[in-house]
*Asks:* 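Submitted below is the structure of interest, expressed as C-alpha cells.
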Amino acid sequence: MSRPFDICVIGGGGHVGLPLAVAFADQGLRVVIYDINQAVLDLINTGKMPFLEEGCEPILRNVIGKTLFTGSSPDLVAQAKYVVVLIGTPVDEHLNPTFGQMHKCLEDIQQYLDNDQIVVLRSTVAPGVTRKVDTLLKKRHPGIRVTFCPERILEGKAMEELQNLPQIVSGFDRDAVVEVSDLFRKLTPEIIVISPDEAELAKLFTNSWRYIQFATANQFYMIAEELGLDFYNIYDAMTRNYPRTKGFPRPGFAAGPCLFKDTMQLSASSEYRFFLGHSAMLVNEGLPDFIIKLAKRERDLAGLTVGILGMAFKAESDDGRESLSFKLRKLLQIEADEVLCTDEYIQRPDFLPVEEVIRRSDILFIGAPHHRYRHLSFGDKPVMDVWNMLKKQGLDSSISGEAGL
Ligand SMILES: NC(=O)c1ccc[n+]([C@@H]2O[C@H](COP(=O)([O-])OP(=O)(O)OC[C@H]3O[C@@H](n4cnc5c(N)ncnc54)[C@H](O)[C@@H]3O)[C@@H](O)[C@H]2O)c1
C-alpha cells in the first residue's frame with residue numbers, strides 16, 4: 001500500500017518525540033507528527049522549538065514543510081508505514097505505572113491502523129506493556145506487528161545521541177525486527193536486538209541505576225555534612241586519579257521526568273521489593289529538606305526572604321517537570337517569610353530576574369546550577385550550593401548539574 005509518509009510519531013510534539021521526528025526527517029524520510037497539543041504544533045510549524053534541545057532548531061527549520069509535517073487528527077496514523085508511539089508514561093499518585101493514557105491513545109487510533117503497519121513503541125514502559133499493546137492491537141488487526149525500541153537519549157543532547165548511541169530493538173516478529181532495525185540504522189550504526197521483555201527491563205534498569213548512583217552521592221554528601229566535614233574535599237580525595245571511582249557522580253537534585261518515575265515503575269512491577277530503588281527515592285527526595293536543615297544551622301529562616309536560583313530540573317535546561325527546586329520552594333515557603341525564584345530558561349509570571357532575586361534575598365539556594373550563575377556576584381550573602389557550583393576551583397570546570405535525564 002502506498003502511503004504519503006514513512007513514519008508517524010505519536011506524541012511527536014514532546015521532548016523526545018520531536019527530536020526523533022526531526023532526526024528521521026533530516027535523513028530524507030517523510031515524517032508526520034501526530035500530537036494533541038495544537039499550540040505546540042503551531043510553534044513547530046513556524047520552525048521554532050517549543051523547548052531547548054541543542055542543535056535541533058536549525059534542522060527543524062530545514063525540514064519543516066519539506067519532509068516533516070504535523071497534525072492533530074488521529075487519522076494521520078493511517079498514512080505511515082511505521083507508527084512510533086512516544087507519549088508520556090507517568091506514575092500515578094500512588095507511584096504505580098499508569099496504562100490509562102497509553103490505552104486511550106491506542107483505542108483512539110485503532111480504527112486507523114491496518115495489518116500492514118509496524119508499531120514502534122518507544123515510550124518507557126513497565127514490564128509486560130509491549131506484550132499488552134501487541135495483544136490489544138491484534139484483536140482488531142491480527143497482522144499488525146508491534147516492536148519496542150526504547151528511547152535512551154539525555155534531554156538536551158538528543159541530536160548528538162540519536163546518532164551515537166546504540167539502538168535497542170525488540171519485537172515479537174522476526175521480520176518486523178529486521179525492518180525496524182533497518183529504519184533505525186538510518187540514524188545510528190549499532191543495533192542491539194533483544195526480546196521485548198528484556199528491552200523493557202534494560203531501559204528501566206538503566207534509569208534506576210542512574211537514580212541509585214545519584215542517591216549514593218547524595219547520601220554520602222549528607223553523611224559528611226552532618227559530621228561537619230566538607231564533602232567536596234572528600235570527593236576530590238576519592239576521585240582524583242583513582243580509576244575505581246571514575247564516573248562517581250557529584251551530589252545534587254536527582255530529578256526530572258524520568259529517573260524517579262522509572263525507578264518507581266520498576267518497583268511497582270517487582271512487587272515492591274525493589275528496596276534499593278525505594279531507598280534511593282528517600283535519599284534523593286530528602287535532599288531539599290537536608291539543605292534547608294543545613295541552612296537553618298547557620299541562621300533561623302523565619303522572617304527572611306530567601307531566593308532560589310534555577311528552577312529547571314538540571315543545568316542548561318528549560319524543563320521544570322519534576323524539578324526538586326519546586327519541592328525546595330514549597331518547603332521554604334513554610335520556613336521563610338518570602339521565597340523568590342528565578343530561572344535562566346523558564347519564563348513564568350511568578351519568576352523574577354536573577355539580579356532582583358539576589359538583591360532582595362537574605363540567603364540564596366542553588367536549585368539548578370545554570371552556567372551563568374557561576375559568574376554572578378553574591379556579595380557576602382550565604383549561598384546554599386549543594387552542587388559546589390561556586391566553591392572549589394578545582395572542581396568547577398567539571399560541574400555538570402546532570403543529575404537527571
Ligand atoms: N524526557 C526524556 O528525556 C526521556 C528520555 C527517554 C525516554 N523518555 C520517555 O519518553 C516518553 C515521552 O516523554 P516526553 O518527555 O517526551 O513527554 P512529553 O510530555 O514531553 O511528550 C509527550 C507528547 O505526547 C503528546 N500526547 C499525549 N497524549 C497523546 C495522544 N493521545 N495522542 C497524541 N499525542 C499525545 C503530548 O501532547 C506531548 O506533546 C515517556 O515514556 C518518557 O519516559 C523520555
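Atoms within a ligand are numbered from 1 in the order they appear, just like the ligands themselves.
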*Asks:* I'd like to check whether Thr124 has a polar contact with ligand 1, where a contact means an N/O of the residue lying under 3.5 Å from an N/O of the ligand.
*Replies:* yes

*Asks:* If the cut-off is 4.0 Å to any non-hydrogen atom of Lys261, which atoms of ligand 1 fall inside it?
*Replies:* 41 (O), 42 (C), 43 (O)

*Asks:* Is it true that Thr124 and Gln265 share a donor-acceptor pair across their side chains at a distance under 3.5 Å?
*Replies:* no

*Asks:* Which atoms from ligand 1 have a heavy atom of Thr89 less than 4.0 Å away?
*Replies:* 40 (C), 41 (O), 43 (O)

*Asks:* Does atom NZ (Lys186) have a neighbourhood of more than 12 heavy atoms from anything else shown, all under 6.0 Å?
*Replies:* no

*Asks:* Pick whichever of Leu41, Ile109, Asp108, Asp35 has a heavy atom sitting closest to atom 36 (C) of ligand 1.
*Replies:* Asp35

*Asks:* Will you find, in the side chains of Thr98 and Asp92, an N or O donor that is under 3.5 Å from an N or O acceptor?
*Replies:* no

*Asks:* Does the ring of Tyr242 carry Arg244 above it, NZ/CZ under 6.0 angstrom from centre and within 45° of its axis?
*Replies:* yes

*Asks:* Any N or O on Ile10 sitting closer than 3.5 Å to an N or O of ligand 1?
*Replies:* no

*Asks:* Between Pro74 and ligand 1, which residue portion shows a heavy-atom distance shorter than 4.0 Å: side chain, backbone, both, or neither?
*Replies:* neither

*Asks:* Going by the atom numbers of ligand 1, which of them fall below 4.0 Å from some non-hydrogen atom of Lys203?
*Replies:* 6 (C), 7 (C)

*Asks:* Any salt bridge linking Arg140 with Glu107? Criterion: basic side-chain nitrogen under 4.0 Å from a carboxylate oxygen.
*Replies:* no

*Asks:* Are any non-hydrogen side-chain atoms of Leu204 and Pro127 less than 4.5 angstrom apart?
*Replies:* yes

*Asks:* Please could you name the atoms of ligand 1 that Leu86 approaches to less than 4.0 Å, counting only its heavy atoms?
*Replies:* 10 (O), 11 (C), 12 (C), 22 (C)

*Asks:* Going by heavy atoms, is Val40 under 4.0 Å from ligand 1?
*Replies:* no

*Asks:* Between Phe172 and Phe148, is the ring centre distance below 6.0 Å?
*Replies:* no

*Asks:* Please work out whether any backbone atom (N, CA, C, O) or any side-chain heavy atom from C-beta onward of Arg321 is under 4.0 Å from ligand 1, and answer side chain, backbone, both or neither.
*Replies:* side chain

*Asks:* Looking at Gly11, which atoms of ligand 1 are within less than 4.0 Å of one of its heavy atoms?
*Replies:* 23 (C), 24 (O), 25 (C), 34 (N)

*Asks:* Does atom NZ (Lys138) have a neighbourhood of more than 12 heavy atoms from anything else shown, all under 6.0 Å?
*Replies:* yes

*Asks:* Backbone or side chain, does any N or O of Arg122 fall under 3.5 Å from an N or O of ligand 1?
*Replies:* no

*Asks:* At less than 4.0 angstrom from any non-hydrogen atom of Tyr34, what atoms of ligand 1 do you find?
*Replies:* 32 (N), 33 (C), 34 (N)

*Asks:* Any chance CD of Glu271 has more than 12 other-residue heavy atoms, nucleotides or ligands included, within less than 6.0 Å?
*Replies:* no

*Asks:* Under 4.0 Å from a heavy atom of Ile153: which atoms of ligand 1 are those, numbered in the order shown and with their elements?
*Replies:* 5 (C)

*Asks:* So do Met311 and Arg348 actually touch side chain to side chain, heavy atoms under 4.5 Å?
*Replies:* no

*Asks:* For ligand 1, note which part of Lys104 has a heavy atom under 4.0 Å away: side chain, backbone, both or neither.
*Replies:* neither

*Asks:* Please determine if His15 has a nitrogen or oxygen closer than 3.5 Å to a nitrogen or oxygen of ligand 1.
*Replies:* yes

*Asks:* Quick one: sort the Phe220 and Phe248 rings into parallel, tilted or perpendicular, breaks at 30° and 60°.
*Replies:* parallel

*Asks:* Has ligand 1 got any nitrogen or oxygen that is less than 3.5 angstrom from a nitrogen or oxygen of Glu155?
*Replies:* yes

*Asks:* Output the list of atoms in ligand 1 that are nearer than 4.0 Å to some heavy atom of Cys105, sorted by atom number.
*Replies:* 31 (N)

